[in-house]
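A quick note: this is a predicted structure, and the numbers were derived from the prediction, not measured. Below, each value reflects all heavy atoms present in this structure, side chains not excepted, and no hydrogens, waters or symmetry copies.
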There are 4 protein chains.
Amino acid sequence: MTRNVLPETPLGRPANPEARAHRREQILAGAQRCFVRKGFHAATTAEISSEAGVSVANMYQYFPTKDDLIRAMIQADLAEDLDLVRLVNEADTLAEGLEKTIRLTTAEHENLSNLGLRLEILAEAARNPRIAAEVREADAQITAAVAEMIARRQLAGEVSNDIDPGPTADLIMSLFDGMIGRIALAASNPEALARAATQLILAGLGVTPKAAD
Amino acid sequence: MTRNVLPETPLGRPANPEARAHRREQILAGAQRCFVRKGFHAATTAEISSEAGVSVANMYQYFPTKDDLIRAMIQADLAEDLDLVRLVNEADTLAEGLEKTIRLTTAEHENLSNLGLRLEILAEAARNPRIAAEVREADAQITAAVAEMIARRQLAGEVSNDIDPGPTADLIMSLFDGMIGRIALAASNPEALARAATQLILAGLGVTPKAAD
Amino acid sequence: MTRNVLPETPLGRPANPEARAHRREQILAGAQRCFVRKGFHAATTAEISSEAGVSVANMYQYFPTKDDLIRAMIQADLAEDLDLVRLVNEADTLAEGLEKTIRLTTAEHENLSNLGLRLEILAEAARNPRIAAEVREADAQITAAVAEMIARRQLAGEVSNDIDPGPTADLIMSLFDGMIGRIALAASNPEALARAATQLILAGLGVTPKAAD
Amino acid sequence: MTRNVLPETPLGRPANPEARAHRREQILAGAQRCFVRKGFHAATTAEISSEAGVSVANMYQYFPTKDDLIRAMIQADLAEDLDLVRLVNEADTLAEGLEKTIRLTTAEHENLSNLGLRLEILAEAARNPRIAAEVREADAQITAAVAEMIARRQLAGEVSNDIDPGPTADLIMSLFDGMIGRIALAASNPEALARAATQLILAGLGVTPKAAD
DNA sequence: GATGAATGAGGGTTCATTCAT
DNA sequence: TATGAATGAACCCTCATTCAT
């Protein structure tokens, strides 16, 4: 990757893209911790850079604005969610896939603390149209993946043909978002909620217990 | 304007309590508009008081701190939600009650703009324990009411006895919260989502279409 | 001035325009001292407000921007210059008027320190078009007054009819500006310079020593 | 690009002095453009180095401080002015010399933009004593040269013996500085001003039109 | 009670400058 | 030498809050 294709005299310190990328991640990680703890607006740049182990001025060479930092963070978070869907899509049966997703979402999402971030992102999107657009786009991808999964299960006879994959996927997304909120709030017991959710969705999809077995 | 309805209240109480209550509402209303628009932390006291048509200093005589204002606002919002549940509890059939709630939540909640506030509240609760406790308490009441409604429908033979009212109520609350988020984000079509939600919940509860009819 | 024309209930602390105007002047005075000492861009808002005996935040209630402060200061300075011209215009003979102006400009202009401000203003005008326009406008008024004065002296036979009042007034303004610069620099002796300037201008205008006497 | 013209200089001198001098000029040229555009204090080192096509760190190897850069720039500018005087001193008649100087100063000074720099320098000198001293020194040389020229013309009978060369030279310098300011401000027409200036000075010096011819 | 005026404590951002390669 | 990366110290401005009328 650092092959010298052109043997031109470098004349000065060569740029190191890998180090830059690494530091970028480092800053984003620190920012995430701060944002989870304080929210986007209450977290200060000084706090973030300190948490990331970087000087404030240096942080500004990677993210020219606090807003840029927020947006980059949101993008990274959405990308993570997309990864999650990909995992789920590879499950053998719907029940198995559902369970996996719900478990990953509600339980193992890095000690639950990140759940608050999803709320923060949604709240921010509710007033910042630019961010709303970005969140919508990522959500659309996830929802489409879920819808496609449902359709596939219909072809496999696993899911009732009566239901419409699109709105149902939308609904499942809603359920997940809502569960995240309640778990973050500590208003619900994650495991019980997860179990009930699996049952509700399977019933709603018209999945025969045998097929799910 | 400052009509003295009760020129002389006994007990040495300083001034007209009705006027005070009215002004309090006036400030809360202005604050709500600002919070919806900007969020709790980005909305400034100057902005809020201006929106409410009150001087900043005056506002501080009603809410000694911006935080107090936020908390009062949240309380008012939660109280509204509790009112909603009371309405629902009076419905005849489960299907009817559900439809009504969903409609009220997703469609008529004052031109949707207030939906963002619910997100803001949840996000704030995710980091402020004091607010989390308040939200949890209100949520507990609502969830209990929903659970009770389910139990009543089980007795009436309308709902399958296989399901557990508590977790299911929790789940329904999750679904509602999530729907609010997605509608606020404009990621979903409210009507389609509401229809799918009704169907999902009824199916999940084991309500036979005939009974719901 | 604070007559109560409308006996409406004031409802709150009444605004006091005189106090405001006074504080405005106070800030401008402090700003002037700082600008003279450091220049527009090197003077900080903290410095200025401290010099003016005002808090930074309070200063910002009078001048919403440092730029606004600079512009107001320039306007005040230009207004002072216009006052100067008015005085001169009332002199009996040209020689007397000239001497007076030169004296006022080079010697008594508040311990010379303000001279640097004129340079600062011109330098700023050289790059800020908005300020350039304001300075030009004030200069145009002054120059026109000088030209008019010359024309009057021509009619009185005091000044040769060979010269053109407009460009000559321009020239005299140039001379004054230049003298200010050199005196501020301490490159010239003010009195000697003033004497030579008077002589040069009178000679240049074709004023016969007898007439000037 | 970094051609080694002299691969081995004796005396252990580190590197090509010509290249250094050239780069120095390159930086000064970039700095001048920035200073003209923004002023000494508003121009940033990043801007300057970028305009000069050099990295910031590299610039610091030529000018260890922004202040050094400013001073070097001022020195270069003053040196240019001294060159100008030398040209003028070689003129045959006073009128011719004057005209030439005025023309060079007001018209051909590199598209007028540099005029602002003179103001910037004077303004800076008005507060920075070190720079004031440097400017004064250069001005003294120029003024002396002008005074000497006047004295020579007096011996030649071209100029009235009534005038005192020293203060008069000072005055002429003032006039020039002032004209520069007004032209930079676009408050005066350069040609008209130049013509009037020539006429005024000649008249002030008691030069008979015939003698000037 | 209600308003205008005032302020200390940051907040985001920039900048001259240095370090590392 | 020359460039990329990093940083401490401000700087302008704002905000929640208090004081004075």
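A side-chain donor-acceptor contact under 3.5 Å links Lys66(D) to the backbone of Ala43(D).
Shortest non-hydrogen contact noted between Ser49(D) and Val56(D) is OG-CG2, 3.2 Å. Gln26(C) and Gly53(C) make their closest contact through NE2-O, 3.9 Å (heavy atoms, listed as atom of the first residue, atom of the second, distance). Here the closest heavy-atom approach between residue Leu119(D) and residue Ala126(C) is recorded as CD1-CB, 4.4 Å.
Nucleotide dT14(F) holds its P atom 12 Å from the NZ atom of Lys38(B), rounded to whole Å. Rounded to whole Å, the distance from CE on Met59(D) to P on dC15(E) is 13 Å. If you measure from atom CD of Glu47(B) to atom C1' of dT14(F), you get 12 Å, rounded to the nearest angstrom. Regarding Gln26(D), its CD atom lies at a distance of 12 Å from the C1' atom of dA2(F), rounded to whole Å. Note: NE2 (His22(A)) to P (dA6(F)) measures 11 Å, nearest angstrom. Rounding to whole angstrom units, CD1 of residue Ile48(D) and P of dC15(E) are separated by 11 Å.
Listed nucleotides dG4(E), dT7(E), dT3(F) differ in distance to Ala15(C); the shortest reach to its side chain belongs to dG4(E). Picking from dT7(E), dA2(E), dA5(F) the nucleotide with the shortest atom distance to the side chain of Arg20(A) gives dA5(F).
In this structure, Phe63(B) reaches neither bases nor backbone, as no heavy-atom distance under 4.0 Å exists between it and the strands shown.
To the nearest 0.5 Å, atom CE of residue Met73(B) and atom CD of residue Glu120(B) are 9.5 Å apart.
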What does the B/S/- profile of nucleotides 16-21 of chain E look like, 5' to 3', with a 4.0 Å heavy-atom cutoff to protein? BBBBBB

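Helical stems in DNA chain F, defined as runs of 3 or more consecutive Watson-Crick or G-U wobble pairs with donor-acceptor distances under 3.5 Å: E:2-21 with F:2-21.
Listed pair Arg23(D) / dT1(F) fails the phosphate criterion, with no side-chain N or O lying under 4.0 Å from OP1 or OP2. Regarding contacts with the backbone of dT1(F), every side-chain N or O of Tyr62(D) stays at 4.0 angstrom or more from both OP1 and OP2. Contact annotation: Asn58(C) reaches the phosphate of dT7(E) (side-chain N/O to OP1 or OP2, under 4.0 Å).
For the pair Leu69(C) and Tyr62(C), the minimum side-chain heavy-atom distance is 4.5 Å or more. Proximity of Arg23(A) to Asn58(A): side-chain heavy atoms (C-beta onward) are separated by under 4.5 Å at one or more points. The shortest side-chain heavy-atom distance between Ile121(B) and Phe35(B) does not fall under the 4.5 Å cut-off.
Under the side-chain contact (heavy atoms from CB on, under 4.5 Å) criterion, Ala72(C) pairs with Arg24(C), Leu28(C), Phe63(C), not counting sequence neighbours.
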